[in-house]
Amino acid sequence: MPSNLLFSYWTDHNTTMSAVNMIAGDKGEDKNMGEKASQANPMEQYMILAKGAKGAAAVQLVRQVLEAPEVYVFGELLDMPNIVALKSNPKQASHYELLQLFAYGVYSDYARESAKFPQLSPSMLTKLRHLTIVSMATGQKSIPLATLGIQLGLSSTRELEDLIIEAMYTDIIHGKLDQKNGILELDHAIGRDIKPEDLPEIVSTLQSWCDTCDTMLSNIDQLITRANSDKERHLKHRNSLETEVLNIKASLKSQVQEGDEALVSDSRDHDKKRPPKKGIRASSSKFWPKSS
């Protein structure tokens, strides 16, 4: 192949491959962005599926969500029409109640009324215990392991510690496991779904907080006004003092100048009144004659 044709072939080939790589790169980037968005909101894919899932398919979807390791908030799914419709079917209503348990309840609620709920898989039990830790972390920052074991239905210390470590790795709680003192110290925990009946109390709390903020802002405004008034009064007082000091300096300077002028005038008058000095005249009579 001639050199010019060979060069043209490699140029076209490289250009084509670059374009293919750019397209593949764009597709890969779009795929990565889609995966990141899905990871940011893991419930989104289940919400899409819930739009078309009815009856048994909706029941299966609920179980998938409850077993999904990355999903810990269920309020959006509870509001989906096809999921709400499970309440009207006696055979499927228990799964809707199970979804509500995971949204608002804790492990002790399940242990107390386990007969009315469907059987839980091991992954569901683990998630429900994780959510129980999150609920307990809301009211306290230091939880004794003995109390935690009772609330989670675990008598084995090893199982309890493994469960806590797993909850930390899933990033739903942040804290420190103090094995020596038997305490779980919590720094942060995710938020859980809010019961509809709790909304008025939350609104009241927020309103009270807003009223407190308004009162504090009003007090701050008053303090700022008072501070500005004090500052203005201080500046006026300082300017008055500076003016007075300047007047005193000017008065003293004028007095000094008048005193100097008076001294000069008195000196001149005194010189005028003083009699003139007589000169010394030479006289032969004033000398003693020489002795012979």
Side-chain angles (χ1 to χ4, degrees), residues 33 36-37 39-41 43-44 72-76 79 103-104 106 131-144 147-148 164 167-168 170-178 180-274:
M33 291 178 65
K36 289 180 180 179
Q39 292 175 358
N41 187 10
M43 179 59 79
E44 183 176 357
Y72 285 91
V73 179
F74 312 94
E76 292 178 310
D79 294 335
Y104 311 124
V106 292
L131 291 169
T132 302
I133 297 176
V134 171
S135 294
M136 295 179 69
T138 304
Q140 49 190 330
K141 296 300 182 182
S142 181
I143 306 175
T147 303
L148 196 57
I164 293 171
M168 290 182 180
T170 55
D171 208 32
I172 61 172
I173 61 171
H174 295 171
K176 181 174 118 177
L177 178 59
D178 187 352
K180 181 179 179 181
N181 297 316
I183 293 174
L184 173 61
E185 297 179 357
L186 291 161
D187 299 326
H188 169 74
I190 63 171
R192 294 196 63 182
D193 293 294
I194 300 172
K195 296 180 180 179
E197 57 266 27
D198 292 339
L199 289 177
E201 183 179 356
I202 294 174
V203 171
S204 176
T205 301
L206 291 175
Q207 185 61 49
S208 177
W209 181 76
C210 290
D211 294 340
T212 301
C213 290
D214 291 338
T215 302
M216 291 181 64
L217 289 174
S218 178
N219 292 336
I220 291 173
D221 288 339
Q222 292 178 3
L223 291 174
I224 291 174
T225 302
R226 186 184 303 172
N228 289 334
S229 178
D230 292 341
K231 180 181 178 181
E232 184 178 358
R233 187 169 59 254
H234 173 73
L235 289 175
K236 288 182 179 180
H237 182 64
R238 187 178 69 177
N239 292 335
S240 176
L241 290 177
E242 290 177 353
T243 302
E244 187 175 353
V245 169
L246 291 175
N247 292 336
I248 292 174
K249 286 182 178 180
S251 177
L252 291 174
K253 185 176 180 181
S254 176
Q255 291 178 5
V256 170
Q257 289 178 350
E258 291 177 357
D260 291 343
E261 291 176 357
L263 289 174
V264 172
S265 177
D266 291 344
S267 176
R268 289 176 179 174
D269 293 342
H270 180 72
D271 289 341
K272 288 180 180 180
K273 294 178 180 180
R274 182 183 299 175

List the atom pairs, donor and acceptor, that lie under 3.5 Å between side-chain atoms in residues 199-206 and the rest of the protein, sequence neighbours left out.
{"residue": "T205", "atom": "OG1", "partner": "E201", "partner atom": "O", "Å": "2.9"}

Would a 4.5 Å heavy-atom cut-off, applied to side chains only, mark [X] and [Y] as touching?
X	Y	answer
Y72	T170	yes
E232	N228	no
L184	D178	no
I164	L148	yes
I133	L131	no

Taking all heavy atoms of [X] and all of [Y], pick out the closest pair and write down the distance.
X	Y	value
R192	S135	NH1-OG, 2.6 Å
I143	A137	CD1-N, 4.2 Å
M168	K176	CE-N, 3.8 Å

Just how far is it from atom [atom1] of [X] to atom [atom2] of [Y], taken to the nearest 0.5 Å?
X	Y	atom1	atom2	value
I190	H174	CD1	NE2	9.5 Å
K231	L235	NZ	CG	6.5 Å
D221	R226	CG	CZ	12.5 Å
S229	H234	OG	NE2	13.0 Å
K141	E185	NZ	CD	12.0 Å
K236	L241	NZ	CG	14.5 Å

Revision key, fill the gap. Residues at least two apart in sequence or cross-chain that pass side chain to side chain contact (heavy atoms under 4.5 Å, CB included) with L246, listed by chain then number, are none
Report all side-chain donor-acceptor pairs from residues 208-217 shorter than 3.5 Å, counting only partners two or more places apart or in another chain.
{"residue": "D211", "atom": "OD1", "partner": "Q207", "partner atom": "NE2", "Å": "3.1"}
{"residue": "T212", "atom": "OG1", "partner": "S208", "partner atom": "O", "Å": "2.9"}
{"residue": "T215", "atom": "OG1", "partner": "D211", "partner atom": "O", "Å": "3.0"}

Does [X] reach the main-chain N or O of [Y] with its side chain, forming a donor-acceptor pair under 3.5 Å?
X	Y	answer
T243	N239	yes
D193	V73	no
T138	V134	yes

**Study point:** E244 atom CD, over 12 foreign heavy atoms within 6.0 Å
**Key:** no
